[in-house]
Every structure is written in structure tokens, then in C-alpha cells.
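Beneath this line is the structure, given in C-alpha cells, with notes to follow.
Just so we're on the same page: letters track the sequence lines, and every chain starts at 1.
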Number of protein chains: 2
Amino acid sequence: MPRRVDHDERRRQIADALVRTAARRGLHATGMREVAAEAGVSLRLVQYYFGTKEELLLGGMQYLAVQFGERAMARIRQSRQGGGPAIPRDVLSAILTQALPADDERRTFTLLSTAYLALSLTDPALAISPLVRNSNAVSDVLAAQLRAAQADGDMPADLNPDLEAVSLMTMSAGLGTSVLAGHSSLEQAQAVIDYHLRRLFPHVGQHDSGRP
Amino acid sequence: MPRRVDHDERRRQIADALVRTAARRGLHATGMREVAAEAGVSLRLVQYYFGTKEELLLGGMQYLAVQFGERAMARIRQSRQGGGPAIPRDVLSAILTQALPADDERRTFTLLSTAYLALSLTDPALAISPLVRNSNAVSDVLAAQLRAAQADGDMPADLNPDLEAVSLMTMSAGLGTSVLAGHSSLEQAQAVIDYHLRRLFPHVGQHDSGRP
DNA sequence: GCTATTACGGTACGAGCGTACCATGAAAGG
DNA sequence: CCTTTCATGGTACGCTCGTACCGTAATAGC
């Protein structure tokens, strides 16, 4: 057999090119030729690693989700000073803050999340199921953290963890797009998140609200 | 001069066709030919009333905004029983509930709002300014109602009207898309809204949470 | 009654898209 | 060594899109 190439690596390279191009010119307006040019490969190669355009778009979506997870994990790992596990409030803050377009990477994530969602709503080819699965997973994590906080007595017992989790995730996603659209500033969005975190954790001193 | 035609009426007719088609097949995938066919007119006529595609898209956006305003106004007018003005809580409920995809009309509105927002983020031609202006106007109305409620003693004085207004609007928009994406059910979304309305108005009896 | 203008139909053009097809170095397996 | 398989390049096809161009029935103003 001839020289072997790491297919996953190549797919990541091309998916990254897709993300960069789509963030600049729009997801729907991004063609396979443009992705190929951005990745520095030939059109044929994009076809080779992602047979069809639909597959390419799905690949880009998955690539984004993986990136998001990795960044959130890094933030959580960083927030737990000393040896103990991270406290619920910091976990929530880390996850919610990832959805705000504070730097170019997160801006791209927020922007493309919106674009993918919009496409999924009408294009049956881009199934929304992976998107839904991802979101439900995040929401479950949030709810679990809220319940843990209630068990620790850090969060009022009369609040509903599930409803608050859905609210927070929805609000966080909405705030991200809101900032992108220019409806509110990044500081305002962060203030809204902090406001609700203070409401949920009235007695936990905030030592960090999301800046690196 | 030859027979005069009501241009506004024709533009409304075509914009409505655009909205219907875009809700079905996606905004980006909707072409001028398809809009023409849906409206029962020729392609040439769409060109005649909206010179270019960009203008057509902008026209559709404005059409949506007008529809939204009219529906919200109708709900508010309907909610004030007796002769007095509507109470802040009902006004808020009416506006927030309009963003939930409870029927086909509202579903179309939510869906296309997301699509327009996504397009605006990368397409400089579709200026986000009108979209921003609309949202800011709604947000201002919400904040004013919250302040009025505080003045009446119906809302705790320690809550921040502006932050709460932004939160509510963002959350309401986010919930709408969340329902469309299948992240949560309509009932869940309504529950989240009611939950926050109860939090803001602890002493106002809810007589109606949005069903017609 | 002529004329200028309005409201519309049909159609062709150039560009760009996704996809399919054909060719070819290069290296692993026998 | 020779063959098979992998990774890649190039290119042409068919389609659809937005736009521009040409034509024309009908009517209001002079």
C-alpha cells in the first residue's frame, strides 16, 4: 500500500478551514472550492475526505462542538485552585462564559452555532439531532451542578434546578447572539450572567467572572 | 398614465410569499423564482417591485417586524379587561409570549428571525441596524413596564429593570429558537417564562399566561 | 386622439455551484 | 519486480441563480 495519511488530521484541517471561511463569509455562502483554497488543498481532496457537502457541513459542526467542550474543560480545570474539585458556581460560570463572543475563537463559535441552527431548522439533511444531543448534555451538566449546590446549601432550596438550567443555557446562548447582533455589549452580557449567578448563589463570593 | 396599482399592497403580497417559502425551504435557499411562483406572479414582477434580491430580503424582514408588532398590540389590547390600561405584567407576558412558536404564524416568525439574524451576521448587505433598532425598541418597552411595576409596588425594588429587561428579551428569543430546535417543549418554555414572571411579580395574581 | 408612462411577460446571459469522471505518482505486499 | 491500493490533481457537466434586456397592452393627461 502507498503512503498512509492520518485521515482524522486531514479532516480536522479541512474542517478548520471551513470554520474560518464560514465565519468570514457566512456558512451558506461558503462553497467547497473556497474551503479547499483556505485549507491549501485541491477541491478534489475536500471531496475525498468529505464525500459530499452535507458531510462537510456536519463535519464542521462536530468540529465546533469538540472545540467548545475542550475550551470549557480547560476553563474548569483552571478554575479549581488547590487540589479539590471545582465548585458548582465556577463550573457554571466557565460553561456559560464560553458562549459569549469574548475573543475571536468564541466569536466564531457563537456565530456559527447560530448559522448551523438556522440551517438545521429548514434543511432536513442537516439533522438537528446531534445539535440537540449536545445541548441536552450541557443542560444536564448545568442542572447537576445546581443540584449539587443546593445539597451544599449554596443555592436556595426553593429554586427549580431544571428550569434554572434551561433558563441559563438559553439565556447564555441568546446573550451570545445578542452581543454579535449588537443588541448589547459584551460587558452587559457578562453583567446579566453575573447577575443571575449572584441570584442563584447569594452567599458564594465571586472570585472570577470569566476573564482569562 | 396607465392603470395605477397599489404598490404597497403588491409588495406585501410578495413579501408574504417570501415569508411562506422561506419558512418552508429556508431563507438562504429561497430564490426569486420560487417567491414569484408562490405569490402567483412572474419573476419579472418580483424584480419590478423589489429591484434586487437584497431589497426583497429587507422587505421580508420589515414585513415580519410589522406583523410581530401588530400581533403583540392585539394581545395587549385584548388583555386589558374593563376600560383601564393594561397592567405591566400582562404587557410583558403578551410580548414575551409572541416570541414563542405556539402556532404556525409565530413559528414562522421565530424561525425567520433566526435565519435573518444568522444572515445579517456575515452578509454586510443585510444591515443589522434595522434588526437592532427593533430589538432595542422592544427592550425599552420592557424596561419601562418593569419600572412602572416597581413604581406601583408590584415588583421588588432591589431588582434592576434594565438588566431584567435584557434578560427577559434575550431569554424569550432564546427560548423560541430552543423550542424550534427541539431542545425544549413549548410547555417548558412557557413554564420558564411564567417562572420568571412570578419571580418579578411575586404578588400579582396570574390570570392568563398566554393562551388565546 | 395622440403620447408618454405604468405595469407587466418572456427570455437570454454569465457566473457559480456540487458532483462525477479520468488520470497518475508513490509506496506497501507478494 | 510487479501489482494493487491509496492519496491526489485536473476538469468537464448539468443545473440554478440573480440580473439585464426587449417587448407590449392599457390608460391618464394634453
- Can you find a side-chain donor-acceptor pair between B/S184 and B/S178 that sits under 3.5 Å? yes
- Item | Donor-acceptor contact present, side-chain A/T110 to main-chain A/A99, <3.5 Å | yes
- Task: For A/H7, report the nucleic acid contact type (base, sugar-phosphate, nothing); a contact means any heavy atom under 4.0 Å.
- Result: sugar-phosphate
- Query: When the distance from OH of B/Y48 to P of D/dC21 is rounded to whole Å, what number comes out?
  - Reply: 17 Å
- Message: Side chain of A/V5 only, heavy atoms from C-beta on: which candidate in D/dT8, C/dG9, D/dC17 is closest?
- Response: D/dT8
- Task: Scan A/F50 against the nucleic acid and name what it touches under 4.0 Å (heavy atoms): base, sugar-phosphate only, or nothing.
- Result: nothing
- How close or far is atom C1' of C/dG18 from atom CG of A/L43, stated in whole angstroms? 9 Å
- Message: Over 60° means perpendicular and under 30° means parallel, so tell me whether B/H7 and B/Y49 are parallel, tilted or perpendicular.
- Response: perpendicular
- Message: When you compare the side chain of A/N134 with that of A/L131, does any pair of heavy atoms fall below 4.5 Å?
- Response: no
- Between A/R44 (CZ) and D/dC6 (C1'), how many Å, whole number? 11 Å
- Atom CG of B/L27 and atom C1' of D/dC17 are separated, to the nearest Å, by 15 Å
- Look at the side-chain N and O atoms of B/T52 and state whether any lies under 4.0 Å from the OP1 or OP2 oxygen of D/dG18. no
- Could you tell me whether the side chain of A/R33 has a donor or acceptor atom within less than 3.5 Å of a complementary atom in the base of C/dG18? yes
- Note on the structure: Per nearest nucleotide of DNA chain C, the residue lying toward the 5' end, A/T30 or B/Q47, is B/Q47
- What is the distance, rounded to the nearest whole Å, between atom CD of B/E54 and atom C1' of D/dC17? 16 Å
- Task: Report yes if a side-chain nitrogen or oxygen of A/R10 is closer than 4.0 Å to either non-bridging phosphate oxygen (OP1 or OP2) of D/dT8; otherwise report no.
- Result: yes
- Task: Could you state the atom-to-atom distance from CG of B/L45 to P of C/dG10 in whole Å?
- Result: 11 Å
- Item | Worked verdict on B/L18 versus B/F50 for side-chain contact (heavy atoms from CB on, under 4.5 Å) | CA-CA 12 Å; B/L18 164 67; B/F50 302 87; over 6 Å; no
- Query: From the list C/dC8, C/dG18, C/dA7, which nucleotide is the closest neighbour of the side chain of B/Y49?
  - Reply: C/dC8
- Message: In this structure, how many angstroms lie between the C1' atom of D/dT19 and the CD atom of B/E55, rounded?
- Response: 13 Å
- Task: Starting at atom CG of B/L126, determine the distance to atom C1' of D/dG18, rounded to an integer number of angstrom.
- Result: 15 Å
- Return no unless some side-chain N or O of B/R4 is found under 4.0 Å from OP1 or OP2 of C/dA7. yes
